[in-house]
Amino acid sequence: MYFILFIGIALLSFLVQSNLQSKFKKYSKVPVAGGLTGRDVAEKMLRDNGIYNVKVTCTPGHLTDHYNPTNGTVNLSESVYNSNSIAAAAVAAHECGHAVQHAVAYGPLKMRSALVPVVSFASQWVQWVLLAGILMIESFPQLMLAGIGLFALTTLFSFVTLPVEIDASRRAVKWLSNAGITTYDNHSMAVGALRSAAYTYVVAALGSLATLVYYILIFMGSSRDE
């Protein structure tokens with residue numbers, strides 16, 4: 001039954017990713033009013049929110065866009081940085097939404113940032129600890145339990161990420177409309193693009209939770225056999 005669940009989540013993840021790629025490809029051909037590029041949109045949103053200590057930079061890759069609070073940068077992929085499309089505007093505004101969250105000390109973002117060093121450590125060791133725990137579950141079950149604890153941290157991080165990403169998209173959509181970047185005709189495209197991106201985080205969180213439950217059941221099954 002659990003393998004069916006994992007296959008279902010993997011299939012759902014594939015469909016969500018395909019839908020995301022399809023929408024961004026489609027909306028990358030629709031220009032925004034005024035011909036503003038992703039860089040222009042990002043810089044304007046930052047200024048409109050009174051943020052002057054964050055720099056907009058260009059980063060290699062496709063959909064590699066991210067906000068880095070450590071060095072105060074909004075990093076836009078080349079296809080977003082130089083494009084004047086609805087897709088580029090939506091992505092740029094979303095990443096600036098994170099900068100706005102940082103500026104106003106948005107609670108879930110603060111929690112997520114606090115978890116980063118712990119989750120980074122957990123991600124580095126969790127698979128090795130779980131593998132060793134499964135192999136030694138009869139003689140040293142505590143190791144498996146430690147692995148479950150580490151994996152639980154990564155799952156928690158996935159769920160804390162959800163409100164952060166959804167709120168950043170909400171801020172982006174609201175600003176794009178108020179600033180006149182999106183019009184009545186193409187506003188729904190920006191909403192659709194960001195919603196598709198949000199679904200990827202939802203699927204990732206559900207997949208992590210399902211995997212966590214799977215490891216817990218392995219541990220519980222071993223305990224019952226003793």
Side-chain angles (χ1 to χ4, degrees), residues 1-22 24 59-71 73 75 77 94-95 98 101-102 106-169 195-226:
M1 185 177 84
Y2 300 106
F3 287 106
I4 295 176
L5 176 62
F6 290 135
I7 291 173
I9 291 176
L11 178 60
L12 181 60
S13 178
F14 172 77
L15 293 174
V16 167
Q17 287 289 347
S18 297
N19 180 56
L20 175 63
Q21 294 287 346
S22 175
F24 270 89
T59 186
H62 177 61
L63 293 181
T64 51
D65 314 85
H66 63 283
Y67 167 64
N68 188 339
T70 304
N71 59 10
T73 57
N75 304 276
S77 59
H94 173 86
E95 298 308 331
H98 289 309
Q101 289 174 335
H102 191 210
Y106 180 59
L109 180 64
K110 290 174 65 178
M111 182 184 299
R112 178 186 172 187
S113 298
L115 285 171
V116 166
V118 179
V119 172
S120 178
F121 172 82
S123 299
Q124 184 177 359
W125 292 101
V126 63
Q127 295 301 331
W128 296 106
V129 175
L130 282 171
L131 177 60
I134 291 174
L135 293 174
M136 302 174 63
I137 197 166
E138 299 296 336
S139 58
F140 190 26
Q142 293 84 355
L143 189 59
M144 179 69 178
L145 193 58
I148 290 173
L150 291 175
F151 197 91
L153 287 172
T154 65
T155 301
L156 174 63
F157 186 80
S158 295
F159 278 91
V160 171
T161 294
L162 291 180
V164 174
E165 296 298 330
I166 292 171
D167 179 78
S169 291
R195 184 175 295 158
S196 295
Y199 287 153
T200 63
Y201 292 98
V202 174
V203 173
L206 291 176
S208 183
L209 179 61
T211 305
L212 176 62
V213 171
Y214 174 71
Y215 286 130
I216 291 174
L217 290 174
I218 291 177
F219 178 79
M220 292 177 63
S222 173
S223 299
R224 284 195 296 265
D225 292 339
E226 292 179 358

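With sequence neighbours left out, the side chain to side chain donor-acceptor pair (under 3.5 Å) criterion links Tyr67 to His102. Checked against side-chain contact (heavy atoms from CB on, under 4.5 Å), Ala210 has the following partners two or more places apart in sequence or in another chain: Leu5, Phe6, Ile9. With sequence neighbours excluded, the residues forming a side chain to side chain donor-acceptor pair (under 3.5 Å) with Asp65 are Ser77, listed by chain and number. For Thr200, the side-chain contact (heavy atoms from CB on, under 4.5 Å) partners at least two apart in sequence or on another chain are Val16, Gln17, Leu20. By the side-chain contact (heavy atoms from CB on, under 4.5 Å) test, Ile216 pairs with Ile148, Leu212, Met220, sequence neighbours left out. For Ser139, the side chain to side chain donor-acceptor pair (under 3.5 Å) criterion is met by no residue, not counting sequence neighbours.
Looking at Ile134 and Tyr215, their side chains come closer than 4.5 Å, going by heavy atoms from C-beta outward.
Here CG of Leu150 is found 7.5 Å from CG of Leu130. Values are rounded to the nearest 0.5 Å. Here the CD1-CG distance, from Ile7 to Leu11, works out to 9.5 Å after rounding to the nearest 0.5 Å. How far CE of Met136 is from CD of Gln142: 10.0 Å, rounded to the nearest 0.5 Å. Note that CZ of Phe219 and CG of Leu143 are 10.5 Å apart. Values are rounded to the nearest 0.5 Å.
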Solution key, residues 152-166 side-chain donor-acceptor pairs under 3.5 Å, sequence neighbours excluded:
{"residue": "Thr154", "atom": "OG1", "partner": "Phe151", "partner atom": "O", "Å": "2.6"}
{"residue": "Thr155", "atom": "OG1", "partner": "Phe151", "partner atom": "O", "Å": "3.1"}
{"residue": "Thr155", "atom": "OG1", "partner": "Ser208", "partner atom": "OG", "Å": "2.7"}
{"residue": "Ser158", "atom": "OG", "partner": "Thr154", "partner atom": "O", "Å": "3.2"}
{"residue": "Thr161", "atom": "OG1", "partner": "Phe157", "partner atom": "O", "Å": "2.8"}
{"residue": "Glu165", "atom": "OE1", "partner": "His94", "partner atom": "NE2", "Å": "2.8"}
{"residue": "Glu165", "atom": "OE1", "partner": "His98", "partner atom": "NE2", "Å": "3.3"}
{"residue": "Glu165", "atom": "OE2", "partner": "His98", "partner atom": "NE2", "Å": "3.4"}
{"residue": "Glu165", "atom": "OE2", "partner": "Arg112", "partner atom": "NH1", "Å": "3.3"}

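Minimum heavy-atom separation, Ser196 to Asn19: OG-ND2, 3.1 Å. For Asn75 against Thr73, the heavy-atom pair with the smallest separation is ND2-OG1, 3.0 Å.
With Ser123 contributing its side chain and Val119 its backbone, the two residues share a donor-acceptor pair below 3.5 Å.
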